[in-house]
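Below is one structure, written out as structure tokens; comments come after it.
Just so it is clear, the values below take in all heavy atoms, side chains as well, and ignore hydrogens, waters and symmetry mates. In the text below, chain A, chain B and the rest are named by the order of the sequence lines, each starting its count at 1. Worth saying up front: this structure is predicted, and the values here are computed from it rather than measured.
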Amino acid sequence: MEEKAPNIPDIFLKPYNPADHESKLYSMWEDSGYFNPDVCVEKGVTDADAEPFSIVLPPPNVTGTLHMGHAAMLAVEDILVRYHRMQGKRTLWLPGTDSAAVATSEKVEKEMYKKEKLTRHDLGREAFLERVQAFAEESKNTIINQTKKMGSSLDWSRYAYTLDDTRYRAVMEAFIRLYEMGLVYRGHRIVNWDPKMQTTISDDEVEYVEQTDPFYYFKYGPFTIGTVRPETKFGDKYVVMHPDDARYAEYAHGQQIEVEWINGPITATIIKDEAADPELGSGAMTITPWHSAVDFEIAERHGLDKEQIIDERGILLPIAGEFAGQHIKKARAAIIEKMQVKGLVARVDEKYVHNVATNSRGGGMIEPQIKEQWFVDVDKEFTMGPSTITGITEGDTVTLKQLMRTVVDNGQTTMYPDRFGKIYRHWVDNLHDWCISRQIWYGHRIPVWYKDGEMKVQTETPGDGWEQDPDTLDTWFSSGIWTFSTLGWPEDTADLATFHPTSVLETGYDILPFWVARMILMTTSLLGTIPFRHVYFHGLVRDEKGKKMSKSLGNIIDPLDMIGKYGADATRLSLIVGAAPGHDMPLSEDKIKGYKHFANKLWNITRFVLSNTETQSDTTPKLSTRDEEILATLRQVTTDVTDDIEGFRLYLAAEKAYHYVWHELADKILEESKEVLNGSDTDARSARQAVLLECLTTSLKLLHPFMPFVTEAIWQELPKEMKDRDMLMVAHWPTH
RNA sequence: GUCCGGUUAGCUCAGCUGGUAGAGCGCUACAUUGACAUUGUAGAGGUCACAAGUUCAAGUCUUGUACCGGACACCA
């Protein structure tokens with residue numbers, strides 16, 4: 001056993017083992033209260049009037065478990081937060097979890113059915129909700145504890161849950177205000193109906209799946225029409241063609257003709273509309289407004305009748321005549337058979353490839369239906385309230401779409417990388433009214449009451465005999481107000497005044513349309529401001545071959561396993577270095593392992609520096625030219641890392657700090673210093689010792705946001721006189 | 001169909017406002033019991049997809065082509 005140098009704590013004599021330190025360090029941070037900006041001010045580590053910096057955590061599913069996507073998100077946000085905290089800002093990172101209503105209640109329903117053969121309808125609304133809530137409450141600690149394992153410096157004293165009382169009130173308030181502004185309306189519109197889950201879903205929850213089906217051509221009087229869905233055709237009494245289609249020039253708009261159809265003769269009306277594509281098939285089509293969005297629009301344009309053919313469970317209605325009461329899936333073959341007998345089938349194309357709408361959250365086939373639902377009107381003009389939006393002032397006439405465009409066009413909210421601004425604009429321009437009611441029970445219940453054809457919009461029941469709307473709100477409705485509901489809105493709180501608009505929203509780019517746009521919509525209209533100044537999009541974490549991680553492929557890398565094996569620091573770095581924003585990142589276990597080596601390298605650098613330095617004298621050492629040069633390089637690295645973080649180039653900042661520490665400090669500076677440190681020139685030696693200590697402390701600070709645990713573990717062992725604060729997490733970011 | 005990306009070393013990718021081509025992993029040789037169980041030094045390896053243009057100068061800017069990918073829309 002080698003003799004211990006006087007300066008060296010025992011701990012450095014063994015390799016760095018993350019598992020020995022991480023949970024202790026997290027508790028230490030948590031106990032210090034420094035995650036809470038108010039405590040930082042109280043304890044004097046942050047000025048009371050310092051500039052605020054805030055991020056609201058995109059809330060993970062309360063019943064979920066941590067995956068690499070979360071880990072990447074937490075790493076990025078924690079880096080930003082720790083950096084700004086060290087810069088002396090009043091820094092808040094606010095945690096929360098999401099009820100993920102659809103996923104959660106589905107999970108409970110499935111489980112219930114499996115074990116007890118009970119559906120939610122057997123149980124009833126109240127009892128079912130109790131079960132879901134119990135399940136959510138029970139599971140929430142899992143995701144919270146896993147979040148802590150990543151080293152996330154979240155202010156847990158401000159924890160929010162999408163369905164807690166404060167958030168519930170905020171959601172109700174948001175609905176009522178939007179209603180009063182005339183932006184929320186109830187109407188009969190075509191919606192995406194999922195017969196399996198018995199609910200509507202929004203346009204962007206629809207997922208198109210390619211499928212091959214027979215395509216039928218039917219004789220419809222003198223016309224030939226095509227369809228993949230004969231079961232919707234019973235009520236077809238309009239035949240639509242393009243006004244310029246020469247083949248049908250002899251027919252006039254509005255002209256009526258008699259045709260023989262599935263269940264007997266029918267009077268058909270000719271409709272000329274540009275929606276009919278002359279290139280496709282015969283150029284003529286019949287329409288089913290109740291079960292097709294496009295047909296619905298045509299019917300609206302011409303004021304046509306709309307008839308329901310299929311009910312909410314997928315059963316044919318009396319209009320189907322002899323087929324009524326049959327499920328559409330079973331009826332199709334029988335319908336074709338009958339039409340064949342009647343000689344109505346012109347021909348069949350057996351291998352027609354098309355995209356079928358399904359529910360991305362459960363896989364059920366979507367059956368468009370006309371239903372009475374609640375919508376947010378994105379095109380309606382209204383009068384703007386108080387506004388801090390550049391270019392829009394109180395009293396201006398605006399639409400939600402305009403607001404959504406304005407704040408991105410004028411740069412008040414910026415996106416990294418900026419190409420997402422284009423995707424955002426494209427999406428906003430194509431936006432239709434947003435259906436916000438859902439026929440599920442777990443969620444924020446719509447604050448609307450009905451009695452004898454009367455309707456009142458308010459939170460509490462207006463009195464006896466009033467029935468509340470049974471529907472709940474789309475989960476994105478509550479997510480849209482997340483940046484300010486978490487800060488206490490609609491109360492006029494100090495948090496809201498200080499931390500809103502938030503500084504940065506960080507999220508995966510796959511979620512842009514769902515969430516980012518909705519937050520902008522809700523915040524601009526309700527608060528007259530932006531929800532965040534910058535949006536940072538991280539890429540999706542993929543396996544080393546660039547494939548999506550999935551259970552079925554068996555290529556999932558579990559962040560918790562990696563933290564256990566290599567430490568949170570290594571896991572974080574592996575998700576940052578080489579991960580340019582907006583680009584997917586390949587991840588391999590070897591990469592993570594490599595950064596564990598780096599943590600140990602840093603550990604050994606410390607060991608070397610400490611064992612070669614004695615307590616410094618008070619006299620300022622005389623620096624050699626080389627000493628000056630070393631410090632100049634250090635300042636340059638500090639500048640580079642700082643600029644890169646400020647510019648959201650975290651992948652470059654991390655790489656530069658890493659490269660400097662390993663290949664400059666360790667490989668060059670330490671190597672060449674051995675000679676000086678063992679030499680006889682005591683002045684040169686103490687000068688170099690001072691320089692090395694400076695390099696070490698600065699490196700620890702530069703690395704702290706990226707790898708908080710090992711840097712803090714080392715910091716805790718450093719002699720007091722080397723430290724400007726007792727905890728690295730609140731030490732001063734190096735000046736340069 | 002509309003929009004948005006990508007193409008640079010064997011692999012995965014950096015390269016911001018034009019100024020001699022970079023990192024990690026892998027590979028080859030050598031050194032090393034050391035501050036380092038996890039080390040160092042050196043090396044091989046590139047028509048920066050293709051074509052034209054702007055420029056004293058293009059991986060970088062412009063236009064076009066080819067291939068790969070993504071988002072959205074449509075699908076009677």
Side-chain angles (χ1 to χ4, degrees), chain A residues 2 5 8 12-17 203-204 206 208 210-211 215-218 220 223-229 232-233 236 239-241 275-277 280-288 292-295 298 352-357 417-427 429-432 509-510 512-513 539-540 542-546 566 570 574 577-580 582-588 590-591 593-612 643-644 647-649 651-652 655-656 658-659 662-663 666-668 670-671 673-674 677 692:
Chain A
E2 65 184 289
I8 273 276
F12 288 109
L13 298 180
K14 281 190 297 180
Y16 176 65
N17 181 16
D203 288 348
D204 18 43
V206 173
Y208 289 92
E210 198 175 278
Q211 195 170 301
F215 189 89
Y216 305 96
Y217 290 92
F218 296 137
Y220 188 81
F223 307 103
T224 304
I225 57 143
T227 184
V228 258
R229 306 203 50 199
T232 65
K233 293 281 146 196
D236 286 10
V239 54
V240 183
M241 57 212 65
D277 180 358
L280 227 139
S282 65
M285 63 174 178
T286 59
I287 56 168
T288 315
S292 153
V294 179
D295 295 0
I298 296 171
Y352 177 72
V353 180
H354 64 142
N355 293 320
V356 179
D418 59 4
R419 67 188 164 90
F420 286 105
K422 294 180 197 166
I423 296 174
Y424 173 85
R425 289 187 190 95
H426 186 236
W427 188 83
D429 291 344
N430 286 317
L431 193 62
H432 297 293
Y509 67 78
D510 52 331
L512 179 136
L540 307 183
R542 294 173 178 271
D543 76 0
E544 53 194 312
K545 290 182 192 114
Y566 308 111
S574 72
V577 179
H583 284 97
D584 292 352
M585 49 187 139
L587 182 69
S588 63
D590 278 347
K591 189 177 178 187
K593 204 181 192 173
Y595 291 115
K596 185 190 177 188
H597 298 176
F598 178 60
N600 193 55
K601 190 78 184 178
L602 193 59
W603 194 250
N604 277 295
I605 289 168
T606 308
R607 176 179 170 183
F608 176 84
V609 172
L610 291 186
S611 62
N612 282 288
D643 290 350
D644 283 337
F648 294 99
R649 296 178 297 271
Y651 62 111
L652 291 182
E655 197 181 318
K656 280 177 191 166
Y658 167 90
H659 195 263
W662 198 316
H663 299 296
D667 289 352
K668 297 208 178 85
L670 256 48
E671 286 303 327
S673 293
K674 285 176 182 171
L677 295 168
L692 290 182

What's A/Asp510 touching, base or sugar-phosphate or nothing? Going by heavy atoms closer than 4.0 Å. nothing
Once you round it to whole Å, what is the distance between C1' of B/C72 and CG of A/Leu431? 12 Å
Nearest-angstrom distance from the residue atom CZ of A/Phe598 to P of B/A23: 17 Å
Determine the Euclidean distance between corresponding C1' atoms of B/A44 and B/C3; express it in Å to zero decimal places. 44 Å
Look at all strands and tell whether A/Ala666 reaches a base, only sugar-phosphate, or nothing, counting heavy atoms closer than 4.0 Å. base
Watson-Crick and G-U pairing of RNA chain B, under 3.5 Å, as dot-bracket with | and [ ]: (((((((..((((.....[..)))).(((((.......))))).....(((((..]....))))))))))))....
Can you tell me, in whole Å, how much space there is between the C1' of B/G46 and that of B/C11? 14 Å
Rounded to whole angstrom, note down the C1' distance from B/C61 over to B/A9. 26 Å
I want to check one thing: is the phosphate of B/A23, taken as OP1 and OP2, less than 4.0 Å away from some side-chain N or O of A/His663? no
Please state the P separation for the pair B/G19 and B/C72 - nearest whole angstrom. 37 Å
Determine the contact category for A/Lys422: base if any of its heavy atoms lies under 4.0 Å from a base atom, sugar-phosphate if only primed atoms, P, OP1 or OP2 are that close, otherwise nothing. sugar-phosphate
Nearest-angstrom distance, C1' atom, B/U63 to B/G70: 24 Å
Between the main-chain N or O of A/Leu540 and the side-chain N or O of A/Asp584, is there a donor-acceptor pair closer than 3.5 Å? yes
Expressed as a whole number of angstroms, how long is the span from A/Lys591:NZ to B/A23:C1'? 11 Å
With distance as the sole test, does A/Ser611 use its side chain to make a donor-acceptor pair with the main-chain N or O of A/Arg607 at under 3.5 Å? yes
Not counting sequence neighbours, which residues clear side-chain hydrogen bond (donor to acceptor under 3.5 Å, both in side chains) with A/Asp590? List them please. none
If we take the P atom in both B/G18 and B/A52, what is their distance in whole Å? 23 Å
Short question: side chain of A/Trp603, backbone of A/Lys14 - any donor-acceptor pair under 3.5 Å? yes
Expected rows: protein N/O vs nucleotides 13-17 of chain B N/O, under 3.5 Å:
{"from": "B/G15", "atom 1": "OP1", "to": "A/Tyr651", "atom 2": "OH", "distance (Å)": "2.7"}

For B/U8 and B/C16, measure between their P atoms and round to the nearest Å. 16 Å
Regarding the side chain of A/Lys596, the nearest nucleotide among B/U38, B/C4, B/G40 is B/U38
Between A/Thr227 and A/Thr288, is any pair of side-chain heavy atoms under 4.5 Å apart? no
Could you give the distance separating B/A49 and B/A21 at their P atoms, to the nearest angstrom? 14 Å
By nearest-nucleotide position on RNA chain B, the 5'-leaning member of A/Arg229 and A/Lys668 is A/Lys668
In terms of the nearest nucleotide of RNA chain B, which residue is placed more toward the 5' end: A/Tyr595 or A/His426? A/His426
Indicate, with a heavy-atom threshold strictly under 4.0 Å, whether A/Val294 touches base, sugar-phosphate, or nothing. sugar-phosphate
Classify the nucleic acid contact of A/Lys674 as base, sugar-phosphate or nothing, counting any heavy atom under 4.0 Å across all strands shown. base
Inter-residue atom distance A/Phe223.CZ - A/Met241.CE, 0.5 Å rounding: 4.0 Å
Round to the nearest Å and state the distance from A/Trp427 atom CH2 to B/C72 atom C1'. 11 Å
Where the side chain of A/Ile605 is defined as all heavy atoms beyond and including C-beta, which of B/A35, B/C4, B/U39 is the nearest nucleotide? B/A35
For atom OH of A/Tyr424 and atom P of B/C72, their distance in whole Å: 16 Å
Rounded to whole Å, how long is the line connecting atom NE2 of A/His597 with atom P of B/G24? 15 Å
Residues that A/Lys656 engages under side-chain hydrogen bond (donor to acceptor under 3.5 Å, both in side chains), provided they are two or more places apart: A/Asp644
Looking across every strand, which nucleic acid part, if any, lies under 4.0 Å from A/Asn600 by heavy atom: base, sugar-phosphate, or nothing? base
Whole-Å distance, A/Phe420 CZ to B/G6 P, equals 11 Å
Please work out if A/Val240 contacts a base, only the sugar-phosphate, or nothing of the nucleic acid, heavy-atom cut-off 4.0 Å. nothing
OP1, OP2 of B/G40 versus side-chain N and O of A/Trp662: anything below 4.0 Å? yes
Which residues satisfy the side-chain hydrogen bond (donor to acceptor under 3.5 Å, both in side chains) test with A/Ser673, sequence neighbours excluded? A/Arg688
Qualifying residues under side chain to side chain contact (heavy atoms under 4.5 Å, CB included), relative to A/Ala599, sequence neighbours excluded: A/Tyr16, A/Met707, A/Val710
Verdict with supporting geometry, A/Tyr658 and A/Val577, side-chain contact (heavy atoms from CB on, under 4.5 Å): CA-CA 9 Å; A/Tyr658 167 90; A/Val577 179; 5.6 Å; no
Is the A/His659 ring parallel, tilted or perpendicular to the A/His663 ring (thresholds 30°, 60°)? tilted
Main-chain N/O of A/Ser574 paired with A/Lys591 side-chain donor or acceptor, under 3.5 Å: yes
Separation of B/G24 atom P from A/Asp667 atom CG, nearest Å, is 10 Å
